[in-house]
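Here is the structure we will look at, set down as structure tokens.
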Amino acid sequence: MNHTTQHTWQPDESQQKVIEMVGGRHLVLAPPGCGKTQILAERVRHAHAQGMDYDAMLCLTFTNRAARGMRERIQLNIDDVGIEQIFVGNVHRFCSHFLFENRVVPAESAIIDEDTVVSILANYLQEDEGKVQANFNRRRAYSEIMFFSHLMEEIKMGLPRELRQHPDCATPTDVQVMRALCRAVGKEFTADQMVDIYEHNDYYVDVARSAAFDASLRQVADRTLFKMKYAHAYTAYKQQYNLLDFEDLLIKTYATLRGGTPCKRYPWIQVDEVQDLNRLQLAIIDALWAGNGADTAPSQAHTLMFLGDEQQAIFSFMGAKLATLEAIKRQCKGSVHHLHVNHRSPKYLVDMLNRFAADQLAADPDLLPRPDNDDKAQPGDMQIRDSRDIDDELQDVARYVKTLAQQAPDRETTAVVVNSNKDADQLSETLTALDVSHFKVSGTDIFALPQVKWLLAHLSVLSNELNHIAWSQLLTGLRVCESEASARGWLRKMRDLAISPADFLRPNDDTYLQEFLSLYERDDIVVFDTETTGLNVFEDDIVQIAAEKIRQGRSVAKFSVYIETDRTIPAMLGDIANPIIEERRHHQIHSHADALRMFLDFVGDGQVALMGHNAEYDYRIMDYNLRRYLPEVDWQRRCPRCFDTLKLMRLLRPDLKAYKLKHLLAELHLEGENSHLADDDVNATVSLVGYCYAHGSEWLDGQRAYLASPSVRQRVDRLRRAYQSFYDEARQRLYERLPEGDEPALVGEMKRMADLLKEKGWWKDVPKIDYVYRFLAGDIIDPASEPSLKEQLDHHVMELSTFKEADLCSSTAIDDRVFVSTIHKAKGLEFNNVVVFDVVDGRIPNFYNQGKPDLMAEDARKLYVAMSRAKKRLVVWWSRMRPQAYSGPEQRLSRFMDGVRAFFDNV
Ligand SMILES: Nc1ncnc2c1ncn2[C@@H]1O[C@H](COP(=O)(O)OP(=O)(O)OP(=O)(O)O)[C@@H](O)[C@H]1O
């Protein structure tokens with residue numbers, strides 16, 4: 001059996017063929033363990049060697065974990081300049097990137113998760129959001145409302161029926177009610193008419209109460225109209241506050257791609273886990289592929305490759321449908337390929353899995369894989385074991401795992417794979433009672449716990465002080481607001497008045513905007529900009545500084561200087577040639593020290609404030625250039641005030657889709673040009689400063705009145721008491737570079753926040769939090785290349801919100817060798833030993849799925865996924881009696897095992 005690492009493995013023949021496949025649309029279907037994931041990085045390397053640029057490649061997956069796995073493999077295997085340009089992520093992440101990049105949604109839009117959806121709807125329905133979160137049925141009812149809102153958006157935009165994501169949320173009764181409403185108003189039941197009902201709820205509530213409406217449907221009509229009303233309110237709320245949920249990301253991306261907006265298409269795309277995608281995701285991928293000839297004529301190199309396994313499709317509850325894979329098969333007719341060798345498991349396991357697949361999953365026997373070894377099972381490698389009842393089974397499995405863990409070689413892993421979160425909890429408790437250290441992946445994800453969200457919210461707010469979703473979590477965690485809903489209400493009011501919550505944490509009592517306005521009227525402002533050798537404020541050199549001094553908007557003096565550097569000046573800025581290279585040929589170049597001194601002389605010593613667009617960057621790079629080349633100057637003491645037009649614009653115009661200088665000039669019709677030469681950019685920024693003053697003044701009275709209100713003062717005081725000094729300290733640390741060997745600053749900051757919450761008594765114990773710290777420190781952050789908190793936030797803050805507990809399983813920072821995981825969360829993972837728990841008829845297949853062939857078939861696939869995680873030993877466990885029996889006191893081993901019993905020892 002082969003356990004080679006990424007560096008030493010040799011692709012087998014079928015893998016090699018797939019690695020080298022270029023041109024056209026392809027589907028690779030392969031059973032578990034055949035190396036689908038393994039070959040993805042090699043495909044990238046090969047395509048690049050054939051001339052495909054990295055930024056023309058798109059690598060997509062269904063889960064974040066798979067995306068991270070793919071990214072890690074690519075980084076590990078390909079040490080090449082430009083490799084970071086390749087987009088690797090799950091479809092949702094790509095869509096969010098796409099929507100912001102193409103300015104389809106306002107730049108201030110926030111993406112909300114399910115918990116925030118519940119919080120928004122609970123507020124409308126006046127229910128306690130905590131209780132709703134804890135109640136499965138209420139959550140489901142809320143999801144129905146959300147799905148309905150999407151369905152209506154999809155109908156409104158004319159999305160073809162087969163692409164709609166949750167069509168079942170309009171139940172047959174809903175349709176019956178809508179038909180009856182149409183009859184009552186003498187209209188035909190059409191899509192437009194459905195939209196009319198959706199958009200005019202009050203009117204149709206009256207219709208449902210009128211004599212014209214079928215009285216026998218009155219009660220159910222109330223339910224349908226109720227659902228529609230709140231679906232509509234939910235959509236309106238999101239629109240008003242620039243919120244996007246996960247489904248919106250897909251719907252809007254698809255609409256943009258189909259709407260003819262010119263946007264980047266990718267000639268080379270590979271998509272893993274395709275069996276888990278839904279039709280809309282597939283349609284998006286299709287529209288993104290340049291091989292469709294949307295923008296350019298397809299060339300031979302245009303490649304779209306899907307990889308997956310229909311026998312591992314277990315996510316139907318998330319909208320995945322086998323029909324999606326059928327559609328891909330049709331599209332890829334003639335180009336469907338198979339991998340033939342299972343490299344994960346020994347022969348005895350592969351033989352059993354193949355029989356299972358042929359018997360239970362209707363797999364084509366010709367396409368089943370062969371093992372890459374001839375290993376025979378040793379005693380104990382393949383076992384079916386039973387216990388008296390489920391309580392005994394818990395004890396027996398836990399004891400067995402304990403013995404196995406004690407006897408197993410050092411790095412060997414053992415997983416107990418279970419059916420439900422409840423099983424996982426019980427097993428975890430039993431293992432704990434037996435003192436078996438283990439890691440549980442199930443139930444409420446640690447990253448979804450409120451406490452962990454508060455820690456992440458603190459980081460998000462440090463990284464972007466206008467992240468309202470993070471603030472709403474933080475204000476709740478800090479007990480400044482009673483709930484996220486009330487926090488959102490408060491933040492909305494602030495947003496309407498151009499106030500940032502961080503305004504309340506400033507040393508003086510005025511807001512950022514107020515201070516800017518009075519400074520504009522009173523003092524001199526030096527608007528400045530730097531051109532640099534790169535974006536690293538700590539290390540890059542400034543090669544040009546330009547500035548303009550203004551007094552009440554009038555220009556008083558101008559300044560420009562070009563500076564020497566030993567570093568390379570980038571030849572290109574995005575897709576344009578860097579103009580500074582030519583400019584430097586025509587100007588005198590000064591030494592660093594001289595140029596910096598000239599600039600400081602220009603700024604002067606008086607009551608001057610600096611200003612720039614994205615000035616935080618220019619201010620910091622100036623600081624570090626001065627430390628290097630003019631260390632006697634204390635920049636922060638000399639120029640403590642620096643204002644940013646970017647921040648002002650985000651406060652004043654939260655509706656805009658982009659805040660880059662170039663876009664603002666065009667959008668606001670301001671004078672100036674964003675040429676990437678500092679003098680031009682300063683000119684343009686001066687126009688923007690004028691705009692900020694003119695428009696900012698309009699908010700002044702509103703802000704003053706609001707801030708004088710006693711209830712606002714009370715809240716502000718609570719926030720200050722809880723967070724002000726803490727926040728200040730964190731901001732002071734942003735640009736400190738810690739010595740190598742120290743704990744990453746980001747982890748330190750999370751711990752500091754946890755301590756704050758503990759000190760205030762607001763932290764409920766999170767037993768696994770140390771795993772999160774270790775995971776971030778060991779697997780995610782590299783303090784050598786990103787030693788400061790600022791760099792770590794810049795690189796990881798977005799990613800932090802995408803982590804799931806299952807990510808910790810493959811982490812090198814986790815010491816545990818024993819895992820407890822649900823089947824769904826174990827998918828894609830592998831362990832030396834696997835115990836599948838409670839494999840009885842009634843659980844797998846589930847009793848309630850009887851008579852539903854699709855669900856029965858999915859249950860068989862779940863068992864297949866569970867068993868195929870094993871690299872060496874597989875134990876299938878069941879119990880003979882069940883106290884709360886589904887169909888009698890005795891039960892049997894799952895019927896799915898009937899054809900493969902002979903492969904196992906009965907113990
Ligand atoms: N050619 C090879 N030589 C040696 N080992 C390999 C080879 N290809 C894959 N492997 C190893 O086999 C195991 C399974 O590979 P991988 O996880 O990529 O399979 P997969 O098709 O994605 O599986 P699944 O569908 O079950 O998630 C991994 O441990 C991988 O490192």
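Since the structure is predicted, the reported quantities are computational estimates derived from the model, not experimental observations. Whatever order the structure lists them in is the order used to number ligands and atoms, beginning at 1.
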For [X], atoms of ligand 1 separated by under 4.0 Å from a heavy atom:
{"X": "Glu830", "result": "13 (C), 14 (C), 28 (C), 29 (O)"}
{"X": "Trp9", "result": "1 (N), 2 (C), 7 (C)"}
{"X": "Cys34", "result": "19 (O), 21 (O)"}
{"X": "Gln312", "result": "24 (P), 25 (O), 26 (O)"}
{"X": "Gln10", "result": "1 (N), 2 (C), 3 (N)"}
{"X": "Arg869", "result": "26 (O), 27 (O)"}
{"X": "Gly33", "result": "14 (C), 19 (O), 20 (P), 21 (O), 23 (O), 24 (P), 26 (O)"}

### Query
Does Lys804 count as lying over the ring of Phe447, i.e. NZ or CZ under 6.0 Å from the six-ring centre, within 45 degrees of the axis?
no
### Query
Is it the case that Arg774 places NZ or CZ above or below the six-membered ring of Tyr771, under 6.0 angstrom from the centre and within 45 degrees of the axis?
yes
### Query
So His97 and Phe87, would you call those rings parallel, tilted or perpendicular, with 30° and 60° as cut-offs?
tilted
### Task
Specify whether Phe896 and Phe356 have parallel, tilted or perpendicular ring planes, treating 30° as the upper limit for parallel and 60° as the lower limit for perpendicular.
perpendicular
### Message
At under 4.0 Å between heavy atoms, is it the side chain or the backbone of Lys827 that contacts ligand 1, or both, or neither?
### Response
neither
### Query
How does Gln15 reach ligand 1, if at all, at less than 4.0 Å between non-hydrogen atoms: by side chain, backbone, both, or neither?
side chain
#### Entry: Sub-4.0 Å heavy-atom approach of Ala30 to ligand 1
no
### Task
Compute the minimum heavy-atom distance from Gly828 to ligand 1 and say whether it is under 4.0 Å.
yes
### Task
Output every pair passing salt bridge (Lys or Arg N to Asp or Glu O under 4.0 Å) with a member in residues 43-59, not counting sequence neighbours, ordered by first then second residue.
Glu42-Arg45
### Task
Have a look at Phe837 and tell me which of Ile390, Val417, Asn419 forms a side chain to side chain contact (heavy atoms under 4.5 Å, CB included) with it.
Ile390
### Task
Would you please indicate if the ring centroids of Phe306 and His26 are separated by under 6.0 Å?
no
### Query
Under 3.5 Å, is there a donor-acceptor pair linking the side chains of Glu412 and Asn833?
yes
### For atom 18 (O) of ligand 1, the option (of Gln38, Gln311, Glu273) bearing the nearest heavy atom
Gln38
### Message
Restricting to side-chain contact (heavy atoms from CB on, under 4.5 Å), what partner residues turn up for Ala405, sequence neighbours left out?
### Response
Val818
### Query
Has ligand 1 got any nitrogen or oxygen that is less than 3.5 angstrom from a nitrogen or oxygen of Arg73?
no
